[in-house]
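Scroll down for the structure; my scribbles are underneath it.
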Amino acid sequence: MTKSADIELAAVSKVYGTTTAVHPISLKIPAGTYCCLLGPSGCGKTSTLRMIAGHESVSSGDILLGDANVTDLPPAARGTAMMFQSYALFPHLDLVDNVAFSLKMKGAEKEARRAQALDMLKLMQLEPYASRRPAQLSGGQQQRVALARALITRPEALLLDEPLSALDPFLKIRMRAELKKLQTSLGISFIHVTHSQEEAMALADLIVVMSGGRIEQAATPRTVFEQPATAFVARFMGNHDVIAGKVAEKSETSTIIEVVGGGRFAAGPSPAEVGAPLDLAIRTDRIHIGTQPEPLLGFNGVVSNVEYLGSSVKIAVNGAGIEDFTVVLTDAEYFALPVKVGDAVPLSWAASDVIVLGTSGI
């Protein structure tokens, strides 16, 4: 449909008065990438998206689209299009005029712009509803109209601000599949802001995890899931337990940390010096219950909560100075050896499953 281009942020920041919303960040999003900016509220992801779109000015740094520096260009001149969280459809216009609106503003003739709008509605499988108004559509249909309106300008990148947040859970899953299919077929970059880890994992080629206006990690979903770079990423993605302590002993091949409550745990080599803070992570589904731990590779604790989630069971354990240490078992594993709140249990894991985390962002 249109060409795509690399997007590059070079030390881009955003300051509002005395508040820094985005510290200088650098990021390259290759052409044709589905990129999710992921993080909690207030982490800077929407400010970053709005700076790429041109709806927010850049306090410092540069934004490049292909070979062009677009930092100071208005939104319409950038080669990007933005789909807003609220969809922002015009209630008094039918779908064709809603989709054709940006072409009207550019002075396109009525017949030509309506023909293009109908083509976009066909792409979104909305042609039968062309004469309806937005209020006569479902949430999912309204979203597709908003997508069609953004894409009619033939952008090199589509920017989406929490596009699925207003939809019910079943429709979210359907629309996720539609978005991915659409991005693949168009071949342009989609940059999608979300606070949902599941949404980012399902959609992205590149996940950019943000916290406090900084990038904590930018990597493929598998890398973010299996090799979190920092304690924040490990905790935010929700699939790792983090043990925060200080280096008690170290050698060329191993590091031992001690937590405030006195527990000691082993990991591989680390550049951290004795006495320095260091965080370890272990995937929640790699932890075993009921097997006596090897020295420094587990602890004895007490079950504080059990949640049955259907195909899996989530168990929280306190012990060795650690609270709410999470273990995720398959339903078959759990019911073969069930535990309840108050039970004393040994937890263990393999040395190969311990990740030494960085203590700061990238």
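Index from 1, following the sequence.
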The remaining residues in the hydrophobic cluster of L296, counting side-chain heavy-atom contacts under 4.5 Å among Ile, Leu, Val, Met, Phe, Trp and Tyr, are I256
In terms of side-chain geometry, is the basic nitrogen of E258 or R264 positioned less than 4.0 Å from the acidic oxygen of its partner?
yes
Quiz item: Under 3.5 Å, is there a donor-acceptor pair between the side chain of S59 and the main chain of V15?
Solution: yes
CG (D161) and OG1 (T194) are apart, to the nearest 0.5 Å, by 10.0 Å
Heavy-atom side-chain contact between T326 and K314 under 4.5 Å
yes
dist L37:CG -> L49:CG (nearest 0.5 Å) comes out at 6.5 Å
Test side chain to side chain contact (heavy atoms under 4.5 Å, CB included), reference E178, set R176, K180, M175, output is M175
S102 meets the side chain to side chain donor-acceptor pair (under 3.5 Å) criterion, sequence neighbours left out, with none
Without hydrogens or angle criteria, can the side chains of S60 and S13 be said to hold a donor-acceptor pair below 3.5 Å?
yes
Less than 4.0 angstrom from a charged side-chain N to a carboxylate O is my criterion; do D97 and R114 meet it?
yes
ring-ring contact (aromatic ring centres under 6.0 Å, His included) pairs touching residues 95-130, sequence neighbours excluded, are F90-F101
dist F236:CZ -> T230:OG1 (nearest 0.5 Å) comes out at 11.5 Å
Ring geometry between F190 and Y34 (parallel below 30°, tilted from 30 to 60°, perpendicular above 60°)
tilted
dist Q141:CD -> Q125:CD (nearest 0.5 Å) comes out at 11.0 Å
CG of L164 to CG of L203, rounded to nearest 0.5 Å, is 7.0 Å
Requested in this report: Report yes or no: does Q217 contribute a side-chain atom to a donor-acceptor pair with the main-chain N or O of V209 at less than 3.5 Å?
Outcome: no
Any side-chain donor near an acceptor of the partner, S57 and K14, under 3.5 Å: yes
Across all chains, not counting sequence neighbours, the side chain to side chain donor-acceptor pair (under 3.5 Å) partners of H240 are none
D331 meets the salt bridge (charged side-chain N to carboxylate O under 4.0 Å, His left out) criterion, sequence neighbours left out, with none
Distance col, row L89:CG vs R133:CZ, nearest 0.5 angstrom, shows 13.0 Å
Correct closest heavy-atom pair for V356 and P269 would be CG2-O, 4.2 Å
Salt bridge (charged side-chain N to carboxylate O under 4.0 Å, His left out) filter on D353, not counting sequence neighbours, yields R286
Quick one: are L9 and I52 in side-chain contact, heavy atoms under 4.5 Å? yes
Between F225 and R283, is there a side-chain heavy-atom distance shorter than 4.5 Å? yes
_Is it the case that atom CD in E226 sees more than 12 heavy atoms from other parts of the structure closer than 6.0 Å?_
yes
What one should report as the nearest heavy-atom pair of P30 and S189 is O-OG, 3.3 Å
